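Since the structure is predicted, the reported quantities are computational estimates derived from the model, not experimental observations.
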Amino acid sequence: MSRSSFDRAGLALMFSTILVWAGSWIAMKLIVPYIGPFDFVALRYVTGALVLFALAAATRRPLALPPWKLTLLIGLTQTAGFQGFVQTALVSGGVGKVSLMAYTMPFWVVLFAWGLLGERPTARHGIGIGLAAIGLVLFIEPWHGVGEMRPVLLGLGSGLCWGVGTVLSKRMFERHAPDVMTFTAWQMLFGGLVMTPVAWLVPQIAPQWGWQLWTGMTYIVLIATAAGWLLWLQVVRRVPASIAGLSSLGVPVVAMLMAWAVLSERPSPVELGGMALILAGIFVVSRAAPTARAG
């Protein structure tokens, strides 16, 4: 395969993944009136895990549970915590606002990798985090009061959980090197099972199983979760990591454009300026050199 065809195929897969994942944000917002946030998280990830286990068995991958304590912690943060915050934020917040806050996870990864793995951030990381901090102030517009801060804070909480889960996942792969698909299935299953009693205990609307919810859940579980994950594997194999990592820019941007077109979520000029600075910060951090271990 020539370098040009390699690049074209890999980039086409990356853009397809971005479209699939951005579309899941629209689907998650559209089903908010039909299912409670905790029911959604439990159903999405238990079902998605079963789909991945079936794919792993069909492709003859090992099905053994990776070290359970670390897998459980990752399921609690990267699956249950992340998606629980996201879906709760979408009850009152717009897709563009919540998705952008969720994709602040590169900044949290830098901070938690420093604290948990001893990876000292570079000056470029500091510049990126500074740009994003200024953008966040513009994006929240605190001079207008704090009435709209709840979905923003929940979105930030989702990004924080994702960041912790990413650092723990890095530790998992460094120490134990599990099969990626099997590990993903197990941590998704743990995250979904942990959220199940929460869904039973916390008051929320009863699921309304009409065509809207069936269509949304089918897209989210089969397309965004299972197919999107498989597409991402191909992207990682074909595209340099420095380029693949820029999908953290592409997903919230495309999600915001889709929300503008489908849900009429029109950001203000100040919000657009804040978004631009946050995205610039993500770009700087994602292109920064790997951090050095402290000590």
Peer 1: Can you tell me how far apart CE (Met181) and CG (Asp179) are? Round to the nearest 0.5 Å.
Peer 2: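 Answer for the CE-CG pair, Met181 versus Asp179, is 7.0 Å.
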Peer 1: Whether the side chain of Gln212 engages the backbone of Tyr34 through a donor-acceptor N/O pair (distance < 3.5 Å, no angle test) should be reported.
Peer 2: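 Between the backbone of Tyr34 and the side chain of Gln212 there is no qualifying donor-acceptor contact (under 3.5 Å).
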Peer 1: Where do Pro252 and Leu279 come nearest, in terms of heavy atoms and distance?
Peer 2: CG-CD2, 4.3 Å
Peer 1: Please report the shortest heavy-atom distance between Pro67 and Thr71, naming the atom on each side.
Peer 2: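 Taking Pro67 first and Thr71 second, the nearest heavy atoms are O-OG1, 2.8 Å.
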Peer 1: Looking at side-chain heavy atoms only, is the closest gap between Phe173 and Val180 below 4.5 Å?
Peer 2: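 Result yes, sub-4.5 Å side-chain heavy-atom pair found.
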Peer 1: Would a single hydrophobic cluster contain both Tyr219 and Val221, if residues Ile, Leu, Val, Met, Phe, Trp and Tyr are joined by side-chain heavy-atom contacts under 4.5 Å?
Peer 2: yes
Peer 1: Give the minimum heavy-atom separation between Val51 and Ala226, together with the two atoms involved.
Peer 2: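 Nearest heavy atoms, Val51 then Ala226: CG1-CB, 3.6 Å.
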Peer 1: Under 4.5 Å between side-chain heavy atoms, counting indirect links through other Ile/Leu/Val/Met/Phe/Trp/Tyr residues: same cluster for Met256 and Leu154 or not?
Peer 2: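 Different hydrophobic clusters.
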Peer 1: Can a donor-acceptor pair be found, under 3.5 Å and without considering hydrogens, that links the side chain of Thr77 to the backbone of Val164?
Peer 2: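 It does not hold such a pair.
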Peer 1: Just how far is it from atom CD1 of Ile127 to atom OG1 of Thr122, taken to the nearest 0.5 Å?
Peer 2: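 That separation rounds to 8.0 Å.
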Peer 1: For the pair Trp25 and Tyr103, name the ring-plane relationship: parallel under 30°, tilted 30 to 60°, perpendicular over 60°.
Peer 2: tilted
Peer 1: Are Trp260 and Met101 linked, directly or through other ILVMFWY residues, by side chains that come within less than 4.5 angstrom of each other?
Peer 2: no
Peer 1: Between the side chain of Lys29 and the main-chain N/O of Gly93, is any donor-acceptor distance below 3.5 Å?
Peer 2: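 Yes.
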Peer 1: Atom CG of Leu193 and atom CG of Leu189: how far apart are they, to the nearest 0.5 Å?
Peer 2: 4.5 Å
Peer 1: Would you give the length of the straight line joining atom CD1 of Ile223 to atom OG1 of Thr218, rounded to the nearest 0.5 angstrom?
Peer 2: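 Between Ile223 CD1 and Thr218 OG1, I get 8.5 Å after rounding to 0.5 Å.
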Peer 1: Spell out, yes or no, whether Leu19 and Phe15 are grouped together once hydrophobic residues are joined by side-chain heavy atoms under 4.5 Å, including indirect joins.
Peer 2: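 In one cluster: yes.
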Peer 1: Hey, is the main chain of Leu213 close enough, under 3.5 Å, to the side chain of Gln208 for a donor-acceptor pair?
Peer 2: no
Peer 1: Roughly how far, to the nearest 0.5 Å, is CD1 of Ile31 from CZ of Arg44?
Peer 2: 9.0 Å
Peer 1: Please examine the side chains of Thr104 and Leu100, heavy atoms only from C-beta on, and report whether any two atoms are closer than 4.5 Å.
Peer 2: no
Peer 1: Quick one: closest heavy-atom pair of Ala22 and Val251, and the distance?
Peer 2: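 The answer is CB-O, 3.8 Å.
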Peer 1: Any chance CH2 of Trp68 has more than 12 other-residue heavy atoms, nucleotides or ligands included, within less than 6.0 Å?
Peer 2: no
Peer 1: Tell me whether Thr225 contacts the main-chain N or O of Ile220 through its side chain, where contact means a donor paired with an acceptor under 3.5 Å.
Peer 2: yes
Peer 1: With a 4.5 Å cut-off on side-chain heavy atoms, are Ile35 and Ile205 touching?
Peer 2: no
Peer 1: Go through it in stages, so that I can follow the logic: the residues are Met258 and Val95, the test is side-chain contact (heavy atoms from CB on, under 4.5 Å), and I'd like the CA-CA distance, side-chain angles, deciding distance and then a yes or no.
Peer 2: CA-CA 9 Å; Met258 286 182 172; Val95 166; over 6 Å; no
Peer 1: Using ring-ring contact (aromatic ring centres under 6.0 Å, His included), reason through Trp162 and Trp108 one step at a time and then give a plain yes or no.
Peer 2: CA-CA 8 Å; Trp162 194 343; Trp108 300 114; over 10 Å; no
Peer 1: Does the pair Phe190 and Tyr45 meet the rule for a ring-ring contact (aromatic ring centres under 6.0 Å, His included), with working shown?
Peer 2: CA-CA 9 Å; Phe190 281 167; Tyr45 286 109; over 10 Å; no
Peer 1: To the nearest 0.5 Å, what is the distance between CD1 (Ile18) and CG (Leu13)?
Peer 2: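 Ile18 atom CD1 to Leu13 atom CG measures 11.5 Å (nearest 0.5 Å).
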Peer 1: Decide side-chain contact (heavy atoms from CB on, under 4.5 Å) for Gln87 and Phe38; before the verdict, give the C-alpha distance in whole Å, the side-chain angles of both, and the deciding distance to 0.1 Å.
Peer 2: CA-CA 8 Å; Gln87 202 63 22; Phe38 305 117; over 6 Å; no
Peer 1: Do side-chain atoms of Gln204 reach the backbone of Ala199 as a donor and acceptor pair under 3.5 angstrom?
Peer 2: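 At least one qualifying donor-acceptor pair exists.
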Peer 1: If you apply the rule side-chain contact (heavy atoms from CB on, under 4.5 Å), what do you find for Thr184 with Gln187, and how did you get there?
Peer 2: CA-CA 5 Å; Thr184 302; Gln187 68 92 2; 4.3 Å; yes
Peer 1: Donor-acceptor pair, Gln78 side chain versus Cys161 backbone, under 3.5 Å?
Peer 2: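 No, the answer is negative, given that no donor and acceptor are paired below the 3.5 Å cut-off.
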Peer 1: Using the rule given for side-chain contact (heavy atoms from CB on, under 4.5 Å), can you reason through Val98 versus Phe85, listing the C-alpha separation, both sets of side-chain angles and the distance that settles it, and then say yes or no?
Peer 2: CA-CA 10 Å; Val98 177; Phe85 277 120; over 6 Å; no
Peer 1: For residues Ser99 and Gly96, report the shortest heavy-atom separation together with the two atoms involved.
Peer 2: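 Distance-wise, the nearest heavy atoms are OG-O, 3.2 Å.
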Peer 1: In the structure I gave you, are the side-chain heavy atoms of Pro207 and Phe40 within less than 4.5 Å of one another anywhere?
Peer 2: no
Peer 1: Considering all heavy atoms of both residues, which atom of Ala185 and which atom of Leu52 are nearest to each other, and what is their separation?
Peer 2: CB-CB, 3.8 Å
Peer 1: Is there a path from Trp214 to Leu222 through hydrophobic residues (I, L, V, M, F, W, Y) whose side chains come within less than 4.5 Å of each other?
Peer 2: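 Yes: a chain of side-chain contacts under 4.5 Å links Trp214 to Leu222.
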Peer 1: Report the residues that fulfil side chain to side chain donor-acceptor pair (under 3.5 Å) with Thr17, sequence neighbours left out, ordered by chain and then residue number.
Peer 2: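 In terms of side chain to side chain donor-acceptor pair (under 3.5 Å), with neighbours along the sequence ignored, Thr17 is linked to no residue.
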Peer 1: So, Gln83 and Ser158: side-chain donor and acceptor under 3.5 Å apart, yes or no?
Peer 2: no
Peer 1: If the condition is ring-ring contact (aromatic ring centres under 6.0 Å, His included), which residues does Phe53 pass it with, not counting sequence neighbours?
Peer 2: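 In terms of ring-ring contact (aromatic ring centres under 6.0 Å, His included), with neighbours along the sequence ignored, Phe53 is linked to Trp186.
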Peer 1: Are any of the side-chain heavy atoms of Leu76 and Met195 separated by less than 4.5 Å?
Peer 2: no
